[in-house]
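Inspection log for the structure reproduced underneath, given as structure tokens.
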2 protein chains.
Amino acid sequence: MTEPRPGRPAVTSRAQLEQVALALFASRGFEATTVEDVAAAAGIGRRTFFRYYASKNDVVWGNFESGLQDMRQLLAASPDDVPLMESLRTAVLAFNRLDAGAEPWHRQRMALILHVPALQAHSTLRYAAWRDVVAEHAARRLGLPPRALRPRLVGYALLGAAVAAYEQWLEEPGHDLEALLDEAVRTVARGLDA
Amino acid sequence: MTEPRPGRPAVTSRAQLEQVALALFASRGFEATTVEDVAAAAGIGRRTFFRYYASKNDVVWGNFESGLQDMRQLLAASPDDVPLMESLRTAVLAFNRLDAGAEPWHRQRMALILHVPALQAHSTLRYAAWRDVVAEHAARRLGLPPRALRPRLVGYALLGAAVAAYEQWLEEPGHDLEALLDEAVRTVARGLDA
DNA sequence: ACAGTAACGGCACCGAGTGCCGTTGGGAAG
DNA sequence: CTTCCCAACGGCACTCGGTGCCGTTACTGT
């Protein structure tokens with residue numbers, strides 16, 4: 001499990017830090033919580049916090065990068081005889097599938113990302129990586145360079161669909177995320193697979 | 001022209017400040033230019049800079065808000081017998097129409113917004129206002145609340161189309177912005193007017 | 001015991017952004 | 001011409017996110 005490595009062992013983990021931070025954000029609000037607060041609550045130094053997360057904003061994103069990797073692989077493995085937009089729709093739904101019981105956490109996380117201005121702004125940078133994954137797949141399937149208008153457009157349109165679905169999901173507790181995503185993605189997909 | 005008001009007259013203007021700033025950004029780069037640099041170059045105090053623009057990021061956006069107002073009015077004036085997506089496409093093209101000779105400036109501005117991470121992030125906050133204008137029009141025409149999934153989706157999809165077009169425009173000096181916007185908007189519109 | 005190594009965390013610094021407040025330069029009223 | 005009013009100016013001090021530097025600490029392997 002924990003293979004022994006040379007050097008001083010890490011005193012905490014990204015996941016643990018994330019928990020502590022999200023708890024503080026929930027009780028005091030994101031902006032009113034300083035990095036020093038988080039570090040103190042986690043029992044580490046302010047400087048050390050920045051060794052776990054490059055910025056205060058990044059805490060909220062947890063392990064986004066690994067989710068992206070999964071989606072990349074899923075798309076790469078998608079057979080060429082399933083229509084492009086269908087493979088993408090499947091991938092978007094899979095990417096946003098929640099582990100059982102993870103919904104309340106995910107709700108809180110997404111509420112922060114979509115409603116706190118600083119995080120809303122920062123999200124763009126993460127979204128860019130997500131769009132690239134989508135655009136790259138679309139480019140491959142369309143036989144176009146990834147920087148061509150069409151693949152890019154697919155990336156932007158699907159991202160927009162996903163975010164619109166999330167906004168809707170956050171507002172009405174009754175709604176089902178997957179259904180909203182499916183509806184939104186299908187709608188924009190209609191224009192894209194010509 | 002300049003109706004006399006009580007109080008000390010302003011020593012500069014947003015437009016002038018913008019010019020000075022963009023010149024510095026162009027020569028030294030956005031991040032390497034401090035607000036103090038801009039203020040000094042404009043002959044004002046650092047503190048005063050923030051009375052003209054709420055943040056360093058905002059300088060780049062010039063008078064975005066008034067353009068938004070124009071688009072809002074244009075949409076409101078659009079007759080109900082022209083199809084929804086057509087009225088929106090027209091509005092998007094009008095919103096992004098350049099004054100003669102303004103192209104080089106606009107290119108530089110958009111290159112900053114789309115390529116400098118801090119500005120890319122900040123742009124999200126401006127885009128939200130743009131999307132709202134679109135979503136509001138769509139909601140009215142569809143007879144739905146502006147916060148429903150469909151109008152929102154229209155806002156996100158059109159924004160995505162516009163930004164994708166701009167990225168393309170920036171990369172290939174030969175391309176015509178209006179043509180790219182038209183192509184992108186038409187593509188996403190196909191899925192949206194069902 | 002000792003070298004190697006990697007995480008820790010204090011310190012000092014930078015730059016964006018803000019609240020406070022005294023100063024300045026205009027117009028208008030006396 | 002003086003005085004009052006008023007808004008813009010801008011210095012000062014402060015907060016907070018983020019970074020470079022560097023000595024310290026805690027563990028592994030010889």
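Values in this document were obtained by computation on a predicted structure and should not be read as measured data.
Comparing B:R8 and B:N57 by the nucleotide of DNA chain C that holds the closest heavy atom to each, the one mapping nearer the 5' end is B:N57. Comparing B:A54 and B:P6 against DNA chain C, the residue whose closest nucleotide sits nearer the 5' end is B:A54.
The side chain of A:V35 approaches D:dG17 more closely than any other nucleotide in the set D:dG17, D:dC9, C:dG17. The B:R51 side chain lies nearest to C:dC20 when the options are C:dC20, D:dG18, D:dC21.
Between the OG atom of A:S78 and the CD atom of A:Q73 there is a distance of 13.5 Å, given to the nearest 0.5 Å.
The base of C:dG19 is paired with the side chain of B:R47 by a donor and an acceptor separated by under 3.5 Å. With hydrogens and angles ignored, a donor-acceptor pair closer than 3.5 Å exists between the side chain of B:R46 and the base of C:dG17. On a pure distance criterion of 3.5 Å, no polar donor-acceptor pair joins the side chain of B:R5 and the base of C:dG27.
Ion pair B:R152/B:E136 not flagged as a salt bridge, since none of the NZ, NE, NH1 or NH2 atoms sits closer than 4.0 Å to an Asp/Glu carboxylate oxygen.
Rounded to a whole Å, the NZ atom of A:K56 is 14 Å from the C1' atom of C:dG17. Note: CD1 (A:I44) to P (D:dT25) measures 18 Å, nearest angstrom. Here C:dA7 presents its P atom at 16 Å from CD of A:Q16, a figure rounded to the nearest Å. Regarding B:E36, its CD atom lies at a distance of 11 Å from the C1' atom of D:dG11, rounded to whole Å. As rounded to whole Å, 12 Å separates atom C1' of D:dT15 from atom CG of A:D37. Atoms NE2 (B:H122) and C1' (C:dA16) sit 13 Å apart, rounded to a whole Å. Atom CZ of B:F49 and atom C1' of D:dG11 are 17 Å apart (whole Å). Rounded to an integer number of Å, the gap from B:L119 CG to C:dA16 C1' is 13 Å.
Looking at heavy-atom distances under 4.0 Å, B:T34 makes contact with sugar-phosphate atoms alone, never a base. Within 4.0 Å of B:Y53, counting heavy atoms only, lies no atom of the nucleic acid at all. Residue-level contact check: A:G7 touches the bases, meaning some heavy atom is under 4.0 Å from a base atom.
Within the 4.0 Å cut-off from OP1 or OP2 of D:dC9, at least one side-chain nitrogen or oxygen of B:Y52 is found.
Residue-environment remark: CD (B:E36) stays at or below the threshold of 12 foreign heavy atoms within 6.0 Å.
Cation-pi contact between A:R107 and A:W169: present, with separation from the ring centre below 6.0 Å and deviation from the ring axis of at most 45°. In this structure, A:K56 is positioned above the aromatic face of A:F30, its NZ or CZ under 6.0 Å from the six-membered ring centre and within 45° of the axis.
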